[in-house]
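Here is the structure we will look at, set down as structure tokens.
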Amino acid sequence: MRDQTTRFSCFASGHWADQEETGSCSLLVDHNAPNRTEGPEWPAAHTMNELERLYLDNGGLAGFKLAITPCTRYLDPTGFRFDDTFGRQAAAQWIRTAFHDFVTADVAAGTGGIDASVGFETLRQENSGVGINDSLFWFSFFTNAKVSMADLVALGAAMSVGACGGPQIPLRGGRIDATGPGASGVPEPESDVKTTLGHFSGAGFSQEDAISLTACGHTMGGVHHDDFPQIVPETAVGVNNSAGRISMDDTVANFDNSVVQEYIRGVGHRGGPLVTTTNKTVQSDLRLYSSDGNATVRKLAQSTDQFRSTCARLFTRMIDTVPKGVKLTPPIDPGSVKYSNLSLDVDWSGKMTLSGFLRYIETGGSASAPSSLTVTVVDRNRRLSRTSVKATTDNTDHSNGIYGPTFHYPFNISFEGSSGLSGIEVGDQRFQLQDSLFVVPTLSSVSPGLAAFQLLDPAHEFTFNITAALRSSNPPYALKGTIALPVPQPGSISPKMDFSTTVQLDLVGTAGPFALYSVVHRQTMTSKQLIGSSIDVEEVGGGGKAMFFKLFSLLR
């Protein structure tokens with residue numbers, strides 16, 4: 001696993017080798033005046049920056065999407081290996097996980113919805129099977145201070161639909177993780193129609209919604225003998241189907257309306273095992289589909305466009321159902337050109353370097369990706385400088401993303417610290433950044449380094465040497481650092497974030513207009529925890545902040 005497990009640096013665009021060299025993943029967005037920086041608070045740009053990278057910069061065989069590329073893929077967490085001989089499918093499991101988290105919501109009371117409480121509920125009969133824990137195991141590698149497990153549950157559903165031929169699902173951020181189990185109430189194969197529709201109604205879904213969402217959710221995957229022997233006979237078990245899956249339709253890895261077409265026409269899998277099983281007690285899909293005389297499924301079967309638009313609308317409502325008081329961000333805007341994985345650096349002479357990627361998505365109606373893009377530094381007076389660089393792309397930087405063919409343009413641009421940075425300009429777009437306070441990657445390190453990194457290592461001590469730069473003519477004697485660390489929580493495979501570790505960075509010197517601060521900190525953690533750990537650095541007393549520098553990016 002060395003080639004795969006050493007590539008989790010920033011979970012971004014699929015250019016892992018480049019990211020390991022340059023990507024610090026510290027957030028440089030400036031929402032304030034040039035001479036101070038107070039990063040936006042949760043759930044603002046930090047959340048969207050992380051979610052956006054996971055959702056849009058994830059083409060090819062890298063990052064979050066790796067577990068469902070191709071859509072037949074299954075990750076066996078017991079050995080942390082991909083193995084398609086089980087007859088299981090991660091993409092279908094991700095959709096099921098989101099549904100089981102959502103459907104116990106009580107929208108009238110403002111409780112439940114997508115909050116990752118399902119992680120505490122996997123021993124309930126209504127959550128039978130390994131699929132939920134399988135999904136949460138994979139998601140747990142991507143949770144950090146700015147992306148909650150609940151956001152990853154929503155991302156998993158949206159990614160599975162979009163990556164497997166389905167419609168684009170608008171994705172918002174800002175969900176908050178539950179700290180314990182929620183209410184029960186997931187429809188089960190044995191549930192009668194009244195009970196099933198009651199569960200959906202509590203979550204705000206009508207009878208037509210319930211039928212449609214069930215059909216949308218059952219367009220991929222199947223039912224397994226290992227999980228539901230009362231539905232699937234042992235005869236389904238085979239050499240390349242050891243869990244004993246019977247598929248829902250003939251296109252198990254495609255998000256399409258075959259499941260309802262086969263049901264209406266009585267061909268293929270005829271709607272799947274929850275329709276065709278001889279055990280009438282567990283014919284839950286048959287009871288639900290026929291509860292309105294098959295009117296809804298007939299409509300879905302008649303038109304591919306109707307199926308896709310209905311599923312997009314209902315999946316969006318599903319993942320946007322959250323507890324009262326949770327405020328979601330606006331949907332991710334794929335745009336045409338955006339930046340990703342920015343890293344700001346300074347050397348002892350005061351010369352600064354900004355590196356990262358530009359992302360270009362050929363969304364519907366947009367022009368073809370250019371061969372190069374010009375990046376120009378905007379100085380601290382918010383004027384275009386003479387410092388520009390051409391960022392180029394080639395076939396290795398091309399992937400098929402959720403919103404269309406996606407291209408990445410790595411760039412590295414240096415400029416004098418005296419002129420500074422307030423943003424970059426690309427074409428007719430200007431992106432605001434900040435250079436008031438940031439962690440300096442080249443003057444920071446972690447030991448043991450990348451050569452010794454093993455993803456599934458037990459806990460051991462890491463030594464972090466963290467250096468930050470503060471632009472100031474009257475620097476304080478010290479800065480405060482807050483380390484965020486994912487830690488296990490009883491009752492769930494999902495980690496929670498711990499913010500109790502603080503460190504003091506002491507003034508150690510100057511570099512041009514910057515005061516440099518440093519700390520050596522030792523922390524015992526697993527390699528997996530290192531992936532999700534980060535540090536925020538701030539001036540005590542309400543000064544500037546350097547938000548969300550990923551400690552894993554220091555591995556070299």
Side-chain angles (χ1 to χ4, degrees), residues 8 11 42-43 47 50-51 54 64 67 74-80 88 90 92-106 111-157 159-160 173-186 188 203 227 318-319 321-323 325-326 455-456 458-459 484-501 524-534:
F8 277 83
F11 305 107
W42 176 277
T47 301
E50 283 292 284
L51 273 184
L54 291 173
F64 190 83
Y74 172 68
L75 173 72
D76 174 17
T78 62
F80 201 72
R88 296 189 182 276
Q93 290 180 339
W94 291 4
I95 291 173
R96 182 173 184 258
T97 298
F99 173 75
H100 282 235
D101 201 27
F102 143 80
V103 77
T104 57
D106 183 339
T111 59
I114 303 293
D115 60 4
S117 63
V118 71
F120 297 95
E121 302 159 7
T122 56
L123 295 181
R124 294 177 182 174
Q125 178 61 37
E126 64 189 29
N127 295 320
S128 294
V130 301
I132 293 173
N133 274 337
D134 281 355
S135 302
L136 297 179
F137 171 78
W138 180 255
F139 299 164
S140 67
F141 288 96
F142 298 86
T143 188
N144 55 47
K146 304 306 176 189
V147 177
S148 66
M149 182 63 77
D151 275 341
L152 293 169
V153 169
L155 170 64
M159 181 72 80
S160 293
R175 294 167 189 80
I176 297 174
D177 289 344
T179 57
S184 59
V186 179
E188 298 185 63
D227 303 332
M318 178 179 76
I319 64 175
T321 300
V322 294
V326 175
L455 185 59
L456 299 182
L485 180 69
V487 298
Q489 55 181 339
S492 175
I493 200 169
S494 303
K496 64 178 180 180
M497 297 304 301
D498 180 90
F499 299 89
S500 63
T501 301
T524 297
M525 64 176 79
T526 66
S527 296
K528 181 179 177 182
Q529 285 177 300
L530 176 59
I531 291 173
S533 63
S534 61

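In this text the structure is predicted, and so the values were computed from the model without any measurement.
The salt bridge (Lys or Arg N to Asp or Glu O under 4.0 Å) contacts involving residues 125-139 comprise Arg124-Glu126, where partners must be two or more places apart or lie in separate chains.
Of all the heavy atoms in Ile95 and Ser160, the pair that sits closest is CG1-CB, 3.8 Å. For the residue pair Phe99 and Met318, the shortest heavy atom distance occurs at CA-SD, 3.8 Å. The two atoms that bring Phe120 and Ala178 nearest to each other are CE1-O, 3.7 Å, heavy atoms only.
Qualifying side chain to side chain donor-acceptor pair (under 3.5 Å) partners for Ser533, counting only residues two or more places apart in sequence or in other chains: none. The side chain to side chain donor-acceptor pair (under 3.5 Å) test applied to Thr104 returns no partner, not counting sequence neighbours. Residues satisfying the side chain to side chain contact (heavy atoms under 4.5 Å, CB included) criterion with Thr524, sequence neighbours excluded, are Ala459, Glu461. Partners of Phe137 by side chain to side chain contact (heavy atoms under 4.5 Å, CB included), not counting sequence neighbours, listed by chain and number: Leu75, Pro77, Phe80, Phe141, Ile493, Lys528. Annotation: salt bridge (Lys or Arg N to Asp or Glu O under 4.0 Å) contacts of Asp76 (sequence neighbours excluded): Arg81. Residues that satisfy the salt bridge (Lys or Arg N to Asp or Glu O under 4.0 Å) test with Arg96, not counting sequence neighbours, are absent from this structure. Ala183 is linked by a side chain to side chain contact (heavy atoms under 4.5 Å, CB included) to nothing, counting only residues two or more places apart in sequence or in another chain. Checked against side chain to side chain donor-acceptor pair (under 3.5 Å), Asp106 has no partners two or more places apart in sequence or in another chain. When the side chain to side chain contact (heavy atoms under 4.5 Å, CB included) test is applied to Ala484, the partners found at least two apart in sequence or on another chain are Ala145, Met497, Phe499, Ser534. The ring pair (Phe, Tyr, Trp, His ring centres under 6.0 Å) check on Phe139 picks up Phe64, Trp94, with sequence neighbours excluded. With sequence neighbours excluded, the residues that form a side chain to side chain donor-acceptor pair (under 3.5 Å) with Glu121 are Ser117.
The closest side-chain heavy-atom distance from Val153 to Leu136 is below 4.5 Å. In this structure the side chain of Leu485 reaches within 4.5 angstrom of the side chain of Met525, judged on heavy atoms. Contact check for Val147 versus Phe142: no side-chain heavy atoms found under the 4.5 Å cut-off. Counting heavy atoms from C-beta on, the side chains of Ser148 and Asp177 come closer than 4.5 Å. Using a 4.5 Å heavy-atom threshold, the side chains of Thr143 and Pro495 count as touching. A 4.5 Å side-chain heavy-atom check between Asp115 and Ile176 finds every atom pair outside the cut-off. With a 4.5 Å cut-off on side-chain heavy atoms, Lys496 and Pro486 do not count as touching.
The distance from atom OG1 of Thr122 to atom NE2 of His100, rounded to the nearest 0.5 Å, is 12.0 Å. Atom CG of Asn127 sits about 9.5 Å away from atom CG of Asn133, to the nearest 0.5 Å. The CD atom of Gln93 sits 9.5 Å away from the CD1 atom of Ile132 when rounded to the nearest 0.5 Å. Rounding to the nearest 0.5 Å gives a distance of 9.0 Å between OG of Ser140 and CD1 of Ile531. The CD1 atom of Ile114 sits 9.5 Å away from the OG1 atom of Thr97 when rounded to the nearest 0.5 Å.
A donor and an acceptor atom, one from each side chain of Gln125 and Ser128, are located under 3.5 Å apart.
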Decide side-chain contact (heavy atoms from CB on, under 4.5 Å) for Val487 and Gln529; before the verdict, give the C-alpha distance in whole Å, the side-chain angles of both, and the deciding distance to 0.1 Å. CA-CA 7 Å; Val487 298; Gln529 285 177 300; 4.0 Å; yes
